[in-house]
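Everything on this sheet refers to the single structure shown next.
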Amino acid sequence: MAERREDEQAKNESFARDALPWMDDVYRFALSLTRDPADAQDIVQETYLRAYRSWHTFDPNSDCRRWLFTICRNAFLRSRQQGRLEVDVTDADAEAIAAAREHRAMIEDGTDRLLASVDLGPALDRALAGLDEPFRSAVQLVDVEDQSYESAAEILGVPIGTVRSRLFRGRRQMQRSLVVHARDAGLRPASGPKGSRGSQRHA
Amino acid sequence: MPDEIRSIDCNTAVSKLWDFLDAELDDEKMREVQKHLTECSDCLPHADFNRRFLTALNEARQRNIMPPALREQVLSALAADGYFPAR
């Protein structure tokens with residue numbers, strides 16, 4: 001019937017307009033969860049199929065990217081036959097203080113200057129991939145995908161306080177990885193006008 | 001008379017440093033942490049380091065690119081489910 005055809009067309013138009021543009025973001029999130037490009041592609045496909053089939057449930061006034069991330073994460077958990085990930089909720093404030101204490105140690109032993117002289121990007125990619133869940137998805141959502149604590153909490157299905165503690169713990173673990181990276185790479189702080197091996201300045 | 005911004009100690013500032021950098025504090029607490037950082041040479045390096053860390057981490061968006069063929073793969077799967085692009 002003509003009316004049904006119009007409904008389908010409206011659905012496809014809104015899906016193309018609101019959901020499809022986020023495919024790169026969903027892929028990045030899926031990759032952070034699976035740590036395997038092939039698995040990530042499967043998760044992206046499943047995410048979009050589920051999103052399309054349940055498009056009638058999506059509130060057009062809400063955040064589509066957040067909705068897709070939630071579907072993506074659930075698809076990942078199903079693929080691993082995992083239930084909710086339980087983790088001890090640590091004190092987020094204590095994590096922040098501990099990170100500062102460790103940074104103080106980095107300043108004192110010169111590691112801070114080493115890190116200031118290199119491109120952190122590749123090392124951070126490795127550090128993020130090496131993080132365990134549930135810290136990895138918290139860092140991916142907030143720090144890479146620019147989600148607020150509240151949004152990340154909704155996507156992950158946990159309280160905001162849990163997001164904070166997982167996020168701060170994940171960041172601290174990543175910063176420790178950077179220290180190991182700097183030392184293993186045998187980096188030396190830039191000194192004088194010639195600089196040092198592998199050093200790059202970043203604004 | 002303008003409202004005075006409460007002074008906080010280093011422990012308080014550092015415990016809220018991530019929230020501050022994420023802009024997740026209320027306005028009053030944001031000002032308190034900002035005030036402390038402008039006045040404290042011990043805490044400012046932590047903020048600078050963390051800010052640099054978060055900036056570099058956020059740039060991962062540009063480093064992890066979706067394979068071009070995946071879009072077509074997904075659209076083909078959707079087409080099998082009844083999706084068709086608008087004319």
Side-chain angles (χ1 to χ4, degrees), chain A residues 8-9 11-13 15-17 20 23-28 31-32 37 40-41 44-49 52-53 92-97 99-101 103-104 106-107 112 115-116 119-125 128 139-140 142-146 148-150 164 167-168 171 174-175 178 202, chain B residues 8-25 29 33 36-37 40-87:
Chain A
E8 284 179 1
Q9 189 167 335
K11 172 187 175 181
N12 290 336
E13 281 175 2
F15 189 79
R17 181 188 64 238
L20 290 182
M23 204 179 297
D24 291 85
D25 301 54
V26 172
Y27 173 75
R28 261 199 318 273
L31 185 60
S32 78
Q41 292 180 40
V44 171
Q45 182 168 309
E46 182 179 342
T47 297
Y48 271 89
L49 280 171
Y52 185 69
R53 289 166 187 163
D93 286 5
E95 286 288 343
I97 291 171
R101 196 163 47 236
H103 180 237
R104 169 65 54 197
M106 282 191 240
I107 292 173
D112 182 69
L115 294 175
D119 179 4
L120 296 180
L124 284 173
D125 287 347
L128 181 54
V139 172
Q140 180 73 25
V142 176
D143 294 338
V144 182
E145 304 300 339
D146 294 327
S148 66
Y149 293 176
E150 182 186 357
R164 280 183 81 236
L167 177 65
F168 297 177
R171 287 169 174 174
M174 288 183 67
Q175 289 183 346
L178 291 181
H202 287 268
Chain B
I8 58 176
D9 60 23
C10 291
N11 215 46
T12 304
V14 165
S15 72
K16 297 302 174 194
L17 194 50
W18 285 128
D19 304 89
F20 171 78
L21 293 172
D22 294 336
E24 290 276 354
L25 297 172
K29 288 191 171 60
V33 175
H36 182 88
L37 292 176
C40 181
S41 58
D42 283 340
C43 291
L44 184 59
H46 301 315
D48 288 343
F49 175 71
N50 287 341
R51 194 175 283 120
R52 196 167 71 240
F53 168 81
L54 292 177
T55 298
L57 187 50
N58 189 251
E59 289 167 358
R61 293 173 70 96
Q62 279 91 48
R63 290 191 295 272
N64 293 308
I65 307 299
M66 183 177 76
L70 178 57
R71 181 170 296 273
E72 286 310 310
Q73 177 186 324
V74 171
L75 291 175
S76 292
L78 287 169
D81 237 44
Y83 169 79
F84 55 89
R87 273 167 290 169

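If you're wondering where the values come from, they're calculated on a predicted model, not measured in any experiment. Residue numbering restarts at 1 for every chain, and letters A, B, ... go by the order of the sequence lines.
- For the options A:Glu145, A:Gln41, A:Met174, heavy-atom pairs under 4.5 Å to chain B are most numerous at A:Gln41.
- Contact count versus chain B (heavy atoms, under 4.5 Å) is highest, among A:Val144, A:Leu124, A:Leu178, for A:Val144.
- Proximity to chain B (any heavy atom under 4.5 Å) is restricted, for A:Ile107, to the side chain, taken from C-beta onward.
- With a threshold of 4.5 angstrom between heavy atoms, A:Gln140 does not approach chain B through any atom at all.
- Comparing B:Asn58, B:Leu54, B:Val74 by how many heavy-atom pairs each has under 4.5 Å with chain A, the most go to B:Asn58.
- Contact of A:Ser148 with chain B is made through backbone and side chain together, with heavy-atom distances under 4.5 Å.
- Applying the ring pair (Phe, Tyr, Trp, His ring centres under 6.0 Å) test to B:Phe20 and every residue at least two apart in sequence or in another chain returns nothing.
- In this structure, A:Asp143 pairs ionically with A:Arg171, as a charged nitrogen and a carboxylate oxygen lie closer than 4.0 Å.
- Residues passing the side chain to side chain donor-acceptor pair (under 3.5 Å) test with B:Thr12, sequence neighbours excluded: B:Asp9.
- When heavy atoms are compared at a cutoff of 4.5 Å, A:Val26 does not approach chain B at all.
- Contact of A:Asp25 with chain B is made through the side chain alone, with heavy-atom distances under 4.5 Å.
- Residue-environment remark: CD (A:Glu150) stays at or below the threshold of 12 foreign heavy atoms within 6.0 Å.
- Note on B:Ala13, B:Ser15, B:Cys43, B:Gly82: by heavy-atom pairs under 4.5 Å with chain A, the leading option is B:Ser15.
- The residue among B:Ala60, B:Ala80, B:Pro67, B:Ala56 with the most heavy atom pairs within less than 4.5 Å of chain A is B:Pro67.
- Taking the ring axis of B:Tyr83 as reference, the NZ or CZ atom of A:Lys11 does not stay both within 45° of it and closer than 6.0 Å to the ring centre.
- Residues A:Asn12 and B:Pro85 have side chains not in contact (no heavy-atom distance under 4.5 Å, counting atoms from C-beta outward).
- The closest side-chain heavy-atom distance from A:Leu167 to B:Trp18 is not below 4.5 Å.
- Counting only heavy atoms from C-beta outward, the side chains of B:Leu75 and A:Tyr48 never approach each other to under 4.5 Å.
- Looking at B:Arg61, both its backbone and its side chain come within 4.5 Å of chain A, counting heavy atoms on both sides.
- With chain B as the partner, the residue from A:Phe15, A:Tyr149, A:Phe168 showing the most heavy-atom pairs under 4.5 Å is A:Tyr149.
- For B:Leu17, no part sits under 4.5 Å from any heavy atom of chain A, backbone or side chain.
- Two residues are said to be in side-chain contact when any heavy atoms from C-beta on lie closer than 4.5 Å; A:Gln175 and B:Asn50 meet this criterion.
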